[in-house]
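Here's the structure, in structure tokens; my notes come after.
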Amino acid sequence: MHADRGNLLLLALCLATISVGFSQRSLMTDDTYHAGVVEFPLLEGTVNQRTSAAANDFISIIESNDAADLDILVFPEYVLNGLDTATYVPDPKLNISPCVSPDYDTFFVELSCAVRSRGIYVLLNVLEKQKCGKDLGDPTLNPCPASGVQYFNTNVVFDRQGRVIARYRKTHLWRNEYYSRAVLQTPDVVTFTTDFGVTFGTFICFDMLFYEPALKLVRELNITDIIYSTYWFSELPFLTAVQLQEGWAFANNVNLLAADGSKPETRTTGSGIYAGRAGRLIAAIYENSTKILLKARLPKRRANGVPVAELPAEVLPLFQPRQVTPRYTKLGLFRDYNVDLFSTELLPSDFRSEQRRLCHKPSEFCCEFDVARQFSGLPSDHSAYRYRLAAYFGDETTFIRVDRSEQAVCALFACTDAELASCGRIFPGSIQVANEYYFSAINVSAIFPAAPRRLIMPSTVDGVMLPLPVAQYSWTEKQGPSGNTSVQMVLTAPKNDLLTFGIWANYYTELPSLHNLDHMHPGSSSTGTGGSPNANGTTNGTGVAAVSAFLSTFALFLTGFVMLLC
């Protein structure tokens, strides 16, 4: 009798535990799901030591009470393992759980087990190894090395049972990674569907600035939710981490889960969860290396991107003019040397109200500006930023000096003095900085030429390297009959400190980048028009032919050269 009662109590406790566990999971019928992203530092020590320590920390986060109510959890790029601890990754078609079939590196197996134990979806970024050779097929652009092993920068997604259900290999590599990582001939375009009714796409870091796979997921596959691992190197005025993440999610009106590494002194920090045009639900950027889990509940989206459940409108705090505001100076930053090519105009140091029409030649792309400031208090003997207006359209630019780009820009940005070379820089911490004026109104507008592949986004950032809340500006787009798009961006609430405010457009150039391969063969020519606007506002589209010629010539020379992988 007592034994039976004990068994019944045990059964009741088990059922209650199961019920609690399943009640924490979002259901197909729910309007929202619960997500987390982890910002995580690159640990010290040898590769083996770093991998072991990072894996243990990842497991602690997965098994923590803080992660118990999540549906999906995203870890950053690059911080988990290296060449000495590279792991094989099973093909998702095989439906393998490394926890059950432990034929992989130890850390990978243990993480699979931790995921199964917690029962959530988890994305890891790993250095993956794969055997190569003629008898195995050769799907990469790289010749198989003598070792018979190639390495990929890879996102891996585990389902709630710890099974590998998605594997994405990075397409657009970063600088020295080209020396040791392989790239697929045909870029991965990877999606997976969850038991709570959301289909996700995934890509890695630098991929965000290219059409394939990032924009292809959204435009061609209608994916509305993206998980994104990154080890981003922030650059002013337009490409700091959270600034780009929020702008990209806003422009595409998609949910974005972004997990970044954390090494601020070398420019890396900035993670967040974003709900399209509703802006960030939570985001953070740090001056010191940080381990942190950021969580938010996101609205599910219909195929057209419209959220099933509307989020409450963001309420801004009451504005107060402040001469001295918080600012980050310990975060390392690249400077965008593209601004030296822009048409710019320096505004007077004491300007109150300025209206300008600024055009970039020879493109004849023009921006309209209406900017106003108010006096914030007593005069200050502290240093203060100067401001320039800028206009640009062309393909002479690069993305952080790694790949060719074609951009269109209308923006106001800060400079430390009257020289253009000081724009895209901040005052160091040793210099006291004040806002003698605050911005009371900014209106930026332009007509952006039509193009089949184009993304136009708001680009803002303040002294603590965060974009303005979406409630602090309005954004209007109007499509013209020729496909040109009129865009207007208006500051709708006063702002004390401002480093960038404007419109940044990516025209996804098709001019090839050779990444330090053979710079003498015909395909490497950097001449040509590549995408400057015609009189009718469309792009010339010569990039496709350039890429085709490049690939044909490149195939003849490929065997003799080693690709520099990112």
Taking C359 and C367, which are both Cys, do their SG atoms fall under 2.5 Å of each other?
-> no
Of all heavy-atom pairs between V37 and A259, which one has the smallest distance, and what is that distance?
-> CB-CB, 4.1 Å
Between the side chains of S405 and T509, does any donor sit under 3.5 Å from an acceptor?
-> no
Taking all heavy atoms of L358 and all of L389, pick out the closest pair and write down the distance.
-> CD2-O, 3.5 Å
Keeping to residues at least two apart or across chains, list the ring-ring contact (aromatic ring centres under 6.0 Å, His included) pairs with something in residues 319-347.
-> F319-Y438, F342-Y392
N/O donor-acceptor pair under 3.5 Å between D260 side chain and S271 backbone = no
Under 3.5 Å: donor-acceptor pair, side chain of N496, backbone of Q320 = yes
Exactly one of F196, F200, Y33 clears side-chain contact (heavy atoms from CB on, under 4.5 Å) with Y121, and that residue is F196
Residue pair M489, C410: steps toward the side chain to side chain contact (heavy atoms under 4.5 Å, CB included) verdict = CA-CA 10 Å; M489 184 178 179; C410 290; over 6 Å; no
Are the side chain of D31 and the backbone N or O of V308 linked by a donor-acceptor pair below 3.5 Å?
-> no
Classify the ring geometry between F365 and F393 as parallel (under 30°), tilted (30 to 60°) or perpendicular (over 60°).
-> tilted
When you look at S422 and R386, which way does the side chain to side chain donor-acceptor pair (under 3.5 Å) test go after all the steps?
-> CA-CA 9 Å; S422 74; R386 299 292 303 272; over 6 Å; no
Do V324 and H382 touch side chain to side chain, with heavy atoms closer than 4.5 Å?
-> yes
Mind listing the closest non-hydrogen atom pair of L420 and V339 along with its distance?
-> CD2-O, 3.8 Å
How many angstroms lie between CZ in R301 and CG in N253, if you round to the nearest 0.5 Å?
-> 4.5 Å
Look at the rings of F351 and F439 and say which category their plane angle falls in: under 30° parallel, 30 to 60° tilted, over 60° perpendicular.
-> tilted
Once you round to the nearest 0.5 Å, how far does NZ of K263 lie from CZ of R267?
-> 11.5 Å
Between D462 and K495, is there a side-chain N and carboxylate O pair less than 4.0 Å apart?
-> yes
Give a yes or no on this: more than 12 heavy atoms of other residues, nucleotides or ligands lie within 6.0 Å of atom CG of L346.
-> yes
Contact check, side chains of I456 and W475, non-hydrogen atoms, under 4.5 Å | yes
Taking the side chain from R335 and the backbone from C423, do they hold a donor-acceptor pair closer than 3.5 Å?
-> yes
Hey, what do you get for NZ (K300) to CG (N255), rounding to the nearest 0.5 Å?
-> 11.5 Å
Report the C-alpha distance between M465 and L331 in whole Å, list the side-chain angles of each, state the deciding distance to 0.1 Å, and finish with yes or no for side chain to side chain contact (heavy atoms under 4.5 Å, CB included).
-> CA-CA 9 Å; M465 301 302 157; L331 171 63; 3.7 Å; yes
At what distance, to the nearest 0.5 angstrom, does CG of N252 lie from CG of L215?
-> 5.0 Å
Indicate whether any N or O donor in one side chain lies under 3.5 Å from an N or O acceptor in the other, for S486 and Q488.
-> no
Would you mind reporting whether Q245 and T230 have side-chain heavy atoms less than 4.5 Å apart?
-> yes
Side chain to side chain, V242 and P467, heavy atoms closer than 4.5 Å = yes
Aromatic Y274 / basic R280 pairing, under 6.0 angstrom, 45° off normal = no
For Q323 and S376 the tightest heavy-atom approach is CG-OG, 3.6 Å
Is the closest side-chain heavy-atom distance between L244 and M457 below 4.5 Å?
-> yes
Candidate pair L236 and V461, rule side chain to side chain contact (heavy atoms under 4.5 Å, CB included), full reasoning = CA-CA 9 Å; L236 280 176; V461 71; 3.9 Å; yes
Verify side chain to side chain contact (heavy atoms under 4.5 Å, CB included) between T460 and T500, making sure each step is shown before the conclusion.
-> CA-CA 5 Å; T460 68; T500 303; 5.7 Å; no
Under 3.5 Å, side chain of R454 to main-chain N/O of P449, donor-acceptor pair present?
-> yes
R277 with E477: basic N within carboxylate O range, under 4.0 Å = yes
Does the side chain of Y437 come under 3.5 Å of the side chain of S440 through a donor N or O and an acceptor N or O?
-> no
Does the side chain of L499 come within less than 4.5 Å of I426's, by heavy atoms?
-> yes
Using atom types as modelled and distance alone, determine if a side-chain donor or acceptor of D207 lies under 3.5 Å from a backbone N or O of H172.
-> yes
Distance-only, no hydrogens or angles: does the N125 side chain make a donor-acceptor pair with backbone N or O of S229 under 3.5 Å?
-> no
Hey, what do you get for CD1 (I204) to CG (N155), rounding to the nearest 0.5 Å?
-> 3.5 Å
Among W248, F75, F203, find the one that has a ring pair (Phe, Tyr, Trp, His ring centres under 6.0 Å) with Y228.
-> F203
If we only count heavy atoms from C-beta on, is the L455 to R219 side-chain gap below 4.5 Å?
-> yes
So, R302 side chain and P307 main chain: donor-acceptor pair closer than 3.5 Å or not?
-> yes
Could you tell me how the ring of F399 sits relative to the ring of W504: parallel (under 30°), tilted (30 to 60°) or perpendicular (over 60°)?
-> tilted
Main-chain N/O of Y508 paired with N506 side-chain donor or acceptor, under 3.5 Å | yes
Under 3.5 Å: donor-acceptor pair, side chain of T268, backbone of G261 | no
Looking only at heavy atoms, what is the nearest atom pair of I285 and V464, with distance?
-> CG2-O, 3.3 Å
Residues, nucleotides or ligands: over 12 heavy atoms within 6.0 Å of E220 CD | yes
Without hydrogens or angle criteria, can the side chains of T325 and N435 be said to hold a donor-acceptor pair below 3.5 Å?
-> yes
Looking at side-chain heavy atoms only, is the closest gap between C205 and Y78 below 4.5 Å?
-> no
E419, CD: over 12 other non-hydrogen atoms inside 6.0 angstrom = no
CD of Q185: more than 12 outside heavy atoms within 6.0 angstrom?
-> yes
Please state whether the rings of F427 and Y385 are parallel, tilted or perpendicular, taking 30° and 60° as the class boundaries.
-> tilted
When every non-hydrogen atom of S234 is compared with those of T240, the smallest separation belongs to OG-CA, 3.4 Å
Between R453 and E406, does at least one N-O distance fall below 4.0 Å, as a salt bridge requires?
-> no
In this structure, OG of S383 is separated from CD1 of I431 (nearest 0.5 Å) by 5.0 Å
